[in-house]
Each structure stands twice: as structure tokens, then as C-alpha cells.
Amino acid sequence: MNSEILLEINGLTHAYSGGLFRKTTVFEDFSLSLEGGKIYALLGRNGAGKTTLLNCVLGLLAYKPGEVRFRGKVMTPGNTHQFLQKITSVASPAEMFPGISADSYVNSHRKIYENWDTELENRIRSMSDFDWTKPIKSLSTGQRMQVLQALALCPEPELLLLDEPLGVTDPVVRKYFYKNLLSIVAERETTVIIATHLINEIANLFDEALFLKQGRLVMRKGLMEMQSTYRKFVFGKLPDVKIEGEAGRLIGDAAIISDHPEKTTMDLQARGMKFKPETPSIEDVFEAFA
Amino acid sequence: MFEIIKLHLTNKQHATTMLLLVFFAIILLLTTGQLVLGKSGTIHLQMFYLGKFLGFLGPLFVLSRGRNGEGKFFSRLPLSRFEVFFGKLIYLMIVYLIITLVLCAGIWTIAGVLKLISPSLQFTGMPTFHSLFQDAAAFIKTMPLFLLLAALSLWLQKWTSSNMANLLVVLGVLFVFGLLPVVTALSLQHYSITIPFNDITDFLNTYKTPLITAMELGLFFGAMGLYRLRHFRNY
Amino acid sequence: MIITIDEQNPVPIFRQIVRQVKMRVVSGELVGGSPVPSIRDLAVRLSINPNTVGKAFRELEKEGIIVMKRGVGAFITKNPPEEFMKGFGNTVIDGKIQDLVQTARSLNVPKKTVMKKIDIAYNGGKDEQ
């Protein structure tokens, strides 16, 4: 098992300016360290800082103070490009040159990167149903995403940063994207950070979920740990008072999430309330904490 | 670096061809007009001197991520900032060369064909190697200042929003231009505080060129507002 | 070897895999020496994290049901532990009986009826009496 630290973020602070004197802080003294060979789900509500965090790691956004280390080496503005041989990301389709064909994109990337997995490239091509010699502007957003996926997966990255990598693609494309992703993860122990709102889709994929809330890491757990720590109590009607062990409420489901199931059970029995305990889904945990 | 140039060239292939066709259409239209209406037998073949124009809009392209976020796309690649920068710069030069040379060749061809048909025709305004050289020099000379200004704005964006950074650079430029005459005037008139009216007129005459430059600057920053320089590997 | 997972089932996926492999070994579908799919193949086929499959395999190896050979893959052991071969069936049946009894009780189906139905099921659906 590969369990050395791959990525380390120390004391990262990022603020963006809205004007000369107005600054909005997204992260303040944020730290995180991730092990190699694992899949991490980066989860959080809109505006929690998922994209900002990934862009800081990629060097697309500046941070001060703070430090990002990859395999122990500090990334600086001057050397970021060397790390980017091993850290890839799926760009947004809007960033693509409209006049260039998918083929030219792939060919130029193949030359820019030191390694290139031609077998994977062919597999992605064979799964696609469009003409790669056509310019990007004649492809649909979903088809552009497929090109971008090839560009991010084929350079044999050690760290893959995926920010909503599937956008508006159809279920077949999604399915094979995950399968390709899993095959490279299993083969090369690639570390993946995947930020997405489609939590259920990745529930069986990640080793650990990182819950971000307003720029802070509020929870870091694997699915099994989550489901053994927390329990969902469903009611006919939500209790008006805070129940013992209650960690969060799912108002729509008339349920609570408890981090002390025994205490909660006892409290509920003492109050004479009817309830049904359940194993929470990842979406339940997300709603309660993120 | 080579890949960046190639990607840009392929991307803008279509646009460049269209631009050239438009220029040719204008040249042909003007020439035909002069042939039809002409009385003197002299045809004025206007060359498009693009050096200055590309010289001050080019830096925007070099430093910005552009409307489509190309800069951001390149920032994800394992290419150093210098490779991206010089790649774009060289692309810009190549485009300038292609457009200028193709237009010249076109004009020379048109003139040659007309001369064959009617040898008595005279031509003015023809591009010569000398005028081409001057235009190229203008291109090279205009670029650094605007590159510097765009870079300055980009650098300021580390601390403030892109619009505010642009504004600060504009104010800075205005300040320098505003201060220059005052400093000059003061140093000229060191011994007498009163500035006669004639002196002011003289003075404005001297600074005609800076005024034109200021207008150019205005145009540049107008365009800069449309583009966003952010996200070019934001350090 | 076909392994499937039930995403609705709250039982962790790695346990589902362990259990399915064990069932196939005890039923004789998988004999000693037969190959087990690679971690990568299984992860890709089931669309699950390779580390989850790895965890299941390590558990099976610890219990002496499979052996992992570096670079070659995993195989069913020639002689699975005796107590596992004998006990596993009972463990599974115990769980199922618990479920059955609980359901029968909550639906007020008498014990006699349940027993009779079990007899019928054993006789291929025919009532002996």
C-alpha cells in the first residue's frame, strides 16, 4: 500500500478582491495532507471553496501566506510548470480554442507531456461517437468534455484534479469516464481529488470524503466510517427540541443525523417518541454537515 | 513553445484568412473606384500599415487569457510562464508578418496586372521595402510600452480586482503625463513664476505627440477592460 | 467468476465481495487453484474504488481463502480452512433465519406455518401430506 504523503497544503490563505479595499477571504490558514494512491471526494455546497482550493494547487490562483508541497517539494510560481507534468486537471470546455480540432489538441498535448498513455487514448476514442478531426466549435459540450477527459487522463498523472469533470455529459460517457479513471488509479496508484455535486455517483469510488464548509474542512471520513459513526433517525414529525447526540437535521426527510446513536435512542425512548433508525446515505451526511 | 505557436496559428487560421480577404476586398473596391472615376490616370493603392495597431493590441493578447480563456488553458499545461509568453509573442510577430507580406504581395500583383492591361497608369502609395521596414519598426517599437503596461496591471491584480488594477494603471499613466509638462514648465521657467500665454501654446505644440499617445492609451485600456488579464497563472 | 454488488444494501461493499467469494468457494463453484479476477478488473467492472477490492482480497487472504501472488494475481487456496468450509454455511443460514423469524413475528405468521412452508420448499414445492 502506498501511503506516503503526496500533497500537503499548509496554512493556505486566499482572498479575492472585489475592489481596492474590499477583500473576501475564501481560505484562512487552511491545511490538508493527502496520501498517494487514494481517491478523495471534495464535497461542499456552492461557494464552499472547492474550485478555489483546486485552482490554488494548480497555481492558477495566488495564495499568501501558505505553502503547497507535492511529494515534499514546495511549489513556487517559478517551478509550478514542472509539477504540472504530474498534476493534471480537466479544464472547462469554454477554455478551449474553438478553431482547433480535437486531434490537434491531443497531438500537441502528447508532445508537451513527458508520458502519454496511447492505449488509454485509443480506448477513449473508441468509446466516443464523434469525429476527432472536426474543430472544437462543431462539437457539443459533452463531446468537448470527452476530449478534455482524454487530455487529463492520458499524461499518466500522479495527481488528478477533477472539478465537476463530467459537466453535462450523458450517462454512458459518465460511466466510462469513471471506469477509465478507476483503471488508471488501480494500475498506477494515481491520486484523485474529485469535486462534484453528484455525490451518489461517486459514493463507491472514494476512499475519503473531504467536506468543505465556508473554507474550512469540517469532516474527513471514508464512507464506511461515516456509516458506522452516524445514524439516521426518521420520524413522523421532527421533534421540536434538540435531541441528545443530534449532529444535524434533514428537514425535508423529517430525520436527524446522530453521532451518538445509543444516546439518541435512549433520549428518544425516554421522550416516548416513535422513530426508525437507518444507515445514513452519503447525501444525508452531506446535508447535515456541509 | 512551438506547440503554443502552432495551436494559435491553427486556431486563428480562419480568422486570419477572413481578415486578409476583407482587406483585399477594400483594396480592390478602392482601386476599381479610382479606375472608373479616375481622370488623371494615377491610381492610389493604399497599403494598410498595421504595425502600430498590432503593436498596441498585441500585448493584450499576449498577456490575457482572452475571451475564451485560452490563457487559463495554457496555465494548466506543464509550460513555464516564459514559454507561454514568448510563444504568444512569436505567434503575434508571425501573424503580423503574414498579414503584411500577403497584403503587399496582393497590392503588387494588382498593380502589375493593371500595368499590363494599361501601361500608362501611374501608381502612388505603393508599399516599398522602406515603408515596410518602417512599419515593422513601428510594430516593434510600440509593443514594449504596452507589454509593460499590461504586465503592470497583471502584477497589480495580485492585490486588487482586475478592473481596479486597470484603473490604477490608467491613473498612473495620466499622472505621469500630467506631471511631465508641469515639471518641464517649472524647470524651464525656473526663474520666473509667471507663464505667459504664448508659452502655453508652444508648450501644447511640443506635447502634441504625447496627446496622441494618450488617446492610444485610452483605446488600449478600453480594450483591456473587455479582456481580462486574470488567471494567467496568477502570480 | 461473476461478482455483483447491491448499492442499496447497507452492508459495506468490501463485505459483499468477501461474502460472495466465500459462497462460491463453499458451493464448490470455485475450486482450489482457480484464479480470482484482478483488483483492477473487478474495480473497473463494478465501478468501485480499487482499494475497496484490495481490502476484500486482503481479508480473504487473511482468512486463508485466497492467496495473492505478486505479479501473477490471486487464486483460491488449494485447501481452504476446515472450520470455514463447515461453518460458513451455518453463519449465512443463521442470518437468514433471524430475518425470517423477525418478519414472521411482525406479520403474525405462526411458527407452525413457517416450518411447514420450509418443508414444502425443501420438497420442491410439493406438500407431502
Open item on the list: Can you tell me if B/His14 has over 12 outside heavy atoms packed within less than 6.0 Å of its NE2?
Closed with: no
Task: Closest non-hydrogen atom pair between A/Leu84 and B/Ser75, with its separation - done: CD1-O, 3.4 Å
Task: Beyond-backbone contact of A/Lys111 with B/Lys6, side-chain heavy atoms, under 4.5 angstrom - done: yes
Open item on the list: For A/Glu67, I'd like to know if atom CD has over 12 heavy atoms of other residues, nucleotides or ligands within 6.0 Å.
Closed with: yes
TODO: Evaluate the side-chain proximity of B/Leu77 to A/His109: yes if any heavy-atom separation is below 4.5 Å, no if none is.
DONE: yes
Task: Selection from A/Ser104, A/Gly99, A/Ser101 maximising heavy-atom pairs under 4.5 Å formed with chain B - done: A/Gly99
TODO: Evaluate the side-chain proximity of B/His8 to A/Phe97: yes if any heavy-atom separation is below 4.5 Å, no if none is.
DONE: yes
Open item on the list: Can you confirm whether A/Leu58 sits close enough to B/Arg76 that some side-chain heavy atom of one is under 4.5 Å from a side-chain heavy atom of the other?
Closed with: yes
Task: CZ (A/Arg45) with more than 12 external heavy atoms under 6.0 Å - done: no
Task: CD1-CG distance between A/Ile100 and B/Leu9, expressed to the nearest 0.5 angstrom - done: 9.5 Å
Open item on the list: Could you measure the distance from the CG atom of B/Leu79 to the OG1 atom of A/Thr80? Nearest 0.5 Å is fine.
Closed with: 12.5 Å
Open item on the list: Does anything in residues 149-164 of chain A reach chain B? List residues with heavy atoms under 4.5 Å apart, or say none.
Closed with: A/Leu151
Open item on the list: Using a 4.5 Å heavy-atom cutoff, which residues in residues 130-143 of chain A come close to chain B?
Closed with: none
- [ ] Tell me, for A/Gln85 versus chain B, whether the close heavy atoms (under 4.5 Å) come from the side chain, the backbone, both or neither.
- [x] both
